[in-house]
Trainee: 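Sharing a structure here in structure tokens format.
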Amino acid sequence: MSRSRTSSGAGELLVPLRRDSTVPLHQQVARGIRDRIRQGLLPADAVVPSTRALAADLGLSRGVVVEAYQQLVAEGYLVSRTGGYTQVAPAAARELPVPRTEPMSGGSPRIDFRYSRPDVSQFPRAAWLRSIRKVLTETPHDRLAYLDGRGAIELREALAAYLNRVRGTSARAENLLISNGFAQGSRLLLQVLAASGFRRLAVEDPSDDELRAVAAAAGLEAVGVPVLDSGVDVEALERSGADVVLVTAAHQFPTGAVTSAQTRAALVDWAGRRDALIVEDDYDAEYRYDREPIGAIQGLAPDRVVYAGTASKTLAPGLRLGWLILPAHLVEAMSSAKVVDDRGSSVLDQLTFADFVARGEFDRHLRRMRPRYRRLRDTLVDRLAEQLPDLRPVGISAGLHVTTWLPPDLSEQAVAQAALERGVGVYGLAPYWVDAGPAGLVFGYGGLTEQAVVEGIDALAAAVAAVRSTPSID
Ligand SMILES: Cc1ncc(COP(=O)(O)O)c(C=O)c1O
């Protein structure tokens, strides 16, 4: 049952609470207030109720509200004032780093390091057009009818062959399912798992925040498990009591950690002993620059792993093409779930992509893009080293983003705000932590030019210098 209560005292505060939710109450209170600040409904400098007043009003223990306020102070949304009151931080409303899919407030930055953008200007239009033409010319009419829930067989065959060759998977066309990107594939999967008795999903901490919301909506409890340099902490996973874990093993999102061979084996061992499932989100493994290729975990244990891939990083996110390799026991339920959800993804797009992959155009496109992204990555890392040597980059060997930790004197919010004032969008790690963690920035560079990267980092260096020269207000 959903309940909303309004606090009295210094400014009324509507905080929706779901007491039957598995999300702890302090996180619900923090989220309720954070959302209102982001939406501009709680303006800068607004005084929020005392912890005592809000706790009494919501029927919560004061400790719960204190914890929520502490979290929001740490994230830069609230400031505690001497005199015992708490205010919305002056720069917080509307201008804090926001999750990757929310529109940028305060105007679009001239140079945007927002994560998750490939260079869509490089979409292989000519080759794609050849495939479209062939498909439209040769596809018999009856193939335009409703589809098998798993998708077009041609695409499943082409992807199975490609993934087995390039990612070391053990895929067969009958185990593949085509979805509208990872977003739909993961949502359907979590719903199917919840319906078949799975209860607790372990996610990497930090990790994609949207997936946790999807898990909660599906009725799964999401718990965070720390990420080490070698991948997810399997001992913590053991303790978590989870029956399914989601990992970004090839290039952890967002820290960039690469899961070691030992951790991959330990994960498979854990899944076997616990009769559990591993979901492997292989979202950007095609871009690997200066390390050995690392095969997918799915190849080690096809019965224990759901492998997820997407065209969003390699071709274009707007295509909405993703795929899952499923253990045999999940195929039927997932296929039905896909049919119920949307009757299948566009058959013409699937057949076009199948032809594109089968003719080797996908490989050619990736071979062309890898050196471009690598140059961008090098430019970013080199410029950071020159201009901001104390922003330590991690996880740089793959993908389309670089993460840097921030030194203790810099807050994500202050740096993001000062950068935005200079026309540059940079984004903090805060949304990705399950439990609070160190401050950092995620730089997406896929959609930028080398010149924009250089100018962006130079402007960021000026922003950092400005933050450092501004006395902090306590
Ligand atoms: C961790 C992660 N996985 C997968 C995806 C791809 O999602 P989709 O295929 O729905 O575009 C993204 C997109 O940014 C991502 O950040």
Side-chain angles (χ1 to χ4, degrees), residues 97-103 112-120 123 151 155 159 163 167 176-191 201-215 217 222 224-225 227 231-232 245-259 278-287 296-298 305-325 338 341-342 345-346 349-350 353 362 373 395 398-403 425 427-429 431-434 442-447:
V98 290
R100 58 192 159 82
T101 51
E102 290 183 17
D112 197 355
F113 285 102
R114 181 179 290 277
Y115 162 71
S116 111
R117 296 179 177 181
D119 187 348
V120 285
F123 186 80
L155 181 54
L159 281 174
L163 294 168
R167 299 296 301 125
L176 257 126
L177 181 137
I178 309 302
S179 60
N180 284 338
F182 177 72
Q184 185 193 35
S186 55
R187 175 171 56 78
L188 296 182
L189 178 68
L190 296 181
Q191 286 168 359
L201 169 73
V203 294
E204 296 164 320
D205 191 11
S207 59
D208 177 10
D209 51 330
E210 285 174 14
L211 191 105
R212 303 199 285 271
V214 173
V225 174
V227 177
V232 73
V245 64
L246 191 138
V247 289
T248 45
H251 186 230
Q252 204 274 330
F253 181 80
T255 67
V258 177
T259 301
I278 300 165
V279 183
E280 180 175 24
D281 175 7
D282 208 35
Y283 65 107
D284 73 358
E286 282 87 354
Y287 297 122
I297 302 176
Q298 194 272 352
V305 181
V306 175
Y307 172 96
T310 176
S312 289
K313 309 288 170 195
T314 47
L315 286 165
L319 279 180
R320 306 314 301 137
L321 277 170
W323 46 92
L324 298 175
I325 309 173
K338 171 70 180 166
D341 206 47
D342 65 3
S345 301
S346 155
D349 291 346
Q350 292 189 56
F353 188 33
F362 196 39
Y373 288 135
L400 300 178
H401 74 277
V402 161
T403 294
Y427 303 90
L429 275 179
Y432 302 122
W433 291 108
V434 182
V442 183
F443 295 84
Y445 53 82

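First listed ligand is number 1; within each ligand, the first listed atom is number 1.
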Trainee: Go through the side-chain N and O atoms of Asn180 and Ser345 and say whether any donor and acceptor fall under 3.5 Å apart.
Mentor: yes
Trainee: Test side-chain contact (heavy atoms from CB on, under 4.5 Å) on Tyr283 and His251 and set out the steps.
Mentor: CA-CA 8 Å; Tyr283 65 107; His251 186 230; 3.7 Å; yes
Trainee: Does any N/O atom on Tyr283 come nearer than 3.5 Å to any N/O atom on ligand 1?
Mentor: no
Trainee: Checking Lys313 now: which residues fulfil salt bridge (Lys or Arg N to Asp or Glu O under 4.0 Å) with it, not counting sequence neighbours?
Mentor: none
Trainee: Tell me which part of Ala183 gets within contact of ligand 1: side chain, backbone, both or neither, using heavy atoms under 4.0 Å.
Mentor: both
Trainee: Side chain or backbone, does Gly181 bring an N or O within less than 3.5 Å of an N or O on ligand 1?
Mentor: no
Trainee: Which of the atoms in ligand 1, numbered in the order shown and given with their element, are less than 4.0 Å from a heavy-atom of Phe182?
Mentor: 3 (N), 4 (C), 6 (C), 7 (O), 8 (P), 9 (O), 10 (O)
Trainee: Please confirm whether Arg320 comes within less than 3.5 Å of ligand 1 when only nitrogen or oxygen atoms on both sides are compared.
Mentor: yes
Trainee: Is it the case that the side chains of Asp342 and Gln184 hold a donor-acceptor pair, with the cut-off being a distance below 3.5 Å and no angle test?
Mentor: yes
Trainee: Short N/O distance, under 3.5 Å, between Ser312 and ligand 1?
Mentor: yes
Trainee: Run the contact test for Lys313 against ligand 1 with a 4.0 Å cut-off on heavy atoms, strictly below, and give the result.
Mentor: yes
Trainee: Could you check Asp282, Leu211, Leu189 and say which one makes a side-chain contact (heavy atoms from CB on, under 4.5 Å) with Phe182?
Mentor: Leu211
Trainee: Give a yes-or-no answer on whether the side chains of Arg212 and Ser207 include a donor-acceptor pair shorter than 3.5 Å.
Mentor: yes
